[in-house]
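See below for the structure under consideration.
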Amino acid sequence: MRKLIMKMSISIDGFVADVNGETGWMFKSGDDHSRAWVLNICASAGIHIMGRKTFEVMASYWPAATNPFAGAMNDIPKAVFTRRGYNPTVKGFSNKLNAKQSSEQGDDFFNREGDLLNSSWTDARVFDGDLLSGIQELKAEPGRPIVAHGGAEFMRSLIETGLIDEYHLITHPIALGAGLSIFNGLSKPCELKLVDAQVFPGGVIAHTYCPE
């Protein structure tokens, strides 16, 4: 049975986004070392999983990206979890990206769209049933770890399943005062054991926890 890994940036007061859902603050304190640490987690995945909203945001960004994370995010298979049916081959979510890049790169961008929205995105597996059973199905398959990406709601739902094997929480040196949490409203306490902590030059601290 393969591992389910959560990777999440978090403020020192426990929020993963501000009250408006914005996360730009997390990019201000990163450095080459902390980014390499996160990249190693992403590249270790056998499949990336996320909720529908996060999937649409990522699918409109990563296919055209050229930064060091692009290979791991584009080449590794995906799965999207949604409460209703979803077709990842529908490219409506990338309209804003298309319009911007078409103006910058010329009309042939649309001829290359199929390459940019490569098969790891358009062939994403869709789970629109019970989250618990979907995760159990993925964990029962052979392969490298499942790495979860997403917003507060999706991550909170994953925590509730009790199936996360490793929590990688990247704590940034900022207090937001208010925002979205992945731990509020849990039906029972989530007891964790700290198994590793690394401090990076930019002030980021990476904590790795496993369930007790």
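Note that the numbering runs from 1 along the sequence shown for the chain. Quick caveat: nothing in here was measured; it's all calculated off a predicted structure.
In this structure, the side chains of Asp128 and Phe81 stay at 4.5 Å or more apart for every pair of heavy atoms. Ile205 is not listed as a side-chain neighbour of His172, based on a closest heavy-atom distance of 4.5 Å or more. The shortest distance between side-chain heavy atoms of Leu4 and Ile135 falls below 4.5 Å. Between Ser34 and Gln198, every side-chain heavy-atom pair lies at or beyond the 4.5 Å cut-off. Within the 4.5 Å cutoff, no side-chain heavy atoms of Val19 are placed close to those of Leu180. Contact check for Pro211 versus Glu191: no side-chain heavy atoms found under the 4.5 Å cut-off. Side chains of Met8 and Tyr167 form no contact here, defined as non-hydrogen atoms less than 4.5 Å apart. With contacts defined as side-chain heavy-atom distances shorter than 4.5 Å, the pair Asp196/Tyr209 does not qualify.
Partners of Lys7 by side chain to side chain donor-acceptor pair (under 3.5 Å), not counting sequence neighbours: none found. With sequence neighbours left out, Asp31 forms a side chain to side chain donor-acceptor pair (under 3.5 Å) with no residue at all. Qualifying side chain to side chain contact (heavy atoms under 4.5 Å, CB included) partners for Asn20, counting only residues two or more places apart in sequence or in other chains: Asp18, Glu22. Evaluation of the side chain to side chain donor-acceptor pair (under 3.5 Å) rule for Ser11 yields Asp13 as partners, not counting sequence neighbours. Thr54 meets the side chain to side chain donor-acceptor pair (under 3.5 Å) test with no other residue; sequence neighbours excluded.
Checked by atom type and distance alone, the side chain of Asn40 never pairs as donor or acceptor with a backbone atom of Ala36 at under 3.5 Å. Between the Thr171 side chain and the Ile12 main chain, no donor and acceptor come within less than 3.5 Å of each other. Proximity of a side-chain donor or acceptor of Glu160 to a complementary backbone N or O of Ser187 within less than 3.5 Å is detected.
Of the residues Val80, Val147, Leu138, Ile5, the one that meets the side-chain contact (heavy atoms from CB on, under 4.5 Å) test with Ile49 is Leu138.
Rounding to the nearest 0.5 Å gives a distance of 11.0 Å between CG of Leu176 and OG of Ser181. The CH2 atom of Trp121 lies 11.5 Å from the CD atom of Glu56; values are rounded to the nearest 0.5 Å. If you take OG on Ser120 and CH2 on Trp62, they are separated by 12.0 Å, rounding to the nearest 0.5 Å. Atom OG of Ser9 is separated from atom NE2 of His168 by 12.5 Å, given to the nearest 0.5 angstrom. In this structure, CZ on Phe200 lies 11.5 Å from OG on Ser29, to the nearest 0.5 angstrom. Considering CD1 of Ile76 and NE2 of His48, their distance stands at 3.5 Å, rounded to 0.5 Å.
A pairwise comparison of heavy atoms in Phe69 and Asn67 identifies N-OD1, 2.8 Å as the closest pair. For the residue pair Ile182 and Ala152, the shortest heavy atom distance occurs at CG2-CA, 3.8 Å. The shortest heavy-atom contact between Phe127 and Glu137 is CE2-OE1, 3.7 Å. Shown here for Phe55 and Ala124, the closest heavy-atom pair between the two residues is CE1-CB, 3.6 Å. When all heavy atoms are compared, the tightest approach of Gly179 to Phe15 is C-CD2, 3.3 Å. Residues Gly202 and Pro173 approach most closely at O-CG, 4.1 Å, considering heavy atoms.
Within 6.0 Å of CD on Glu153 lie no more than 12 heavy atoms contributed by other residues, nucleotides or ligands. Within 6.0 Å of CD in Glu212 there are more than 12 heavy atoms belonging to other residues, nucleotides or ligands.
Put simply, Met155 and Ile170 are part of two different groups of oily side chains (I, L, V, M, F, W, Y) that touch within less than 4.5 Å, one to the next. Both Leu39 and Met58 belong to a common hydrophobic cluster when Ile, Leu, Val, Met, Phe, Trp and Tyr are linked at side-chain heavy-atom distances under 4.5 angstrom. When the side chains of ILVMFWY residues are joined at heavy-atom separations under 4.5 Å, either directly or via intervening members, Leu192 and Val16 end up in a single hydrophobic cluster. Met1 and Leu131 fall into different hydrophobic clusters, where Ile, Leu, Val, Met, Phe, Trp and Tyr side chains are chained together by heavy-atom contacts under 4.5 Å. No chain of hydrophobic side-chain contacts below 4.5 Å, direct or via other Ile, Leu, Val, Met, Phe, Trp or Tyr residues, connects Val195 to Met6.
Side chain to side chain, Thr208 and Glu166 fail the donor-acceptor criterion of an N or O pair below 3.5 Å.
Listed by first and then second residue, the side chain to side chain donor-acceptor pair (under 3.5 Å) pairs involving residues 139-148 are Arg2-Glu141, Arg125-Glu141, Lys139-Asp165 (not counting sequence neighbours).
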side-chain contact (heavy atoms from CB on, under 4.5 Å) assessment of Asn184 paired with Arg156: CA-CA 8 Å; Asn184 67 321; Arg156 194 180 306 122; 3.2 Å; yes

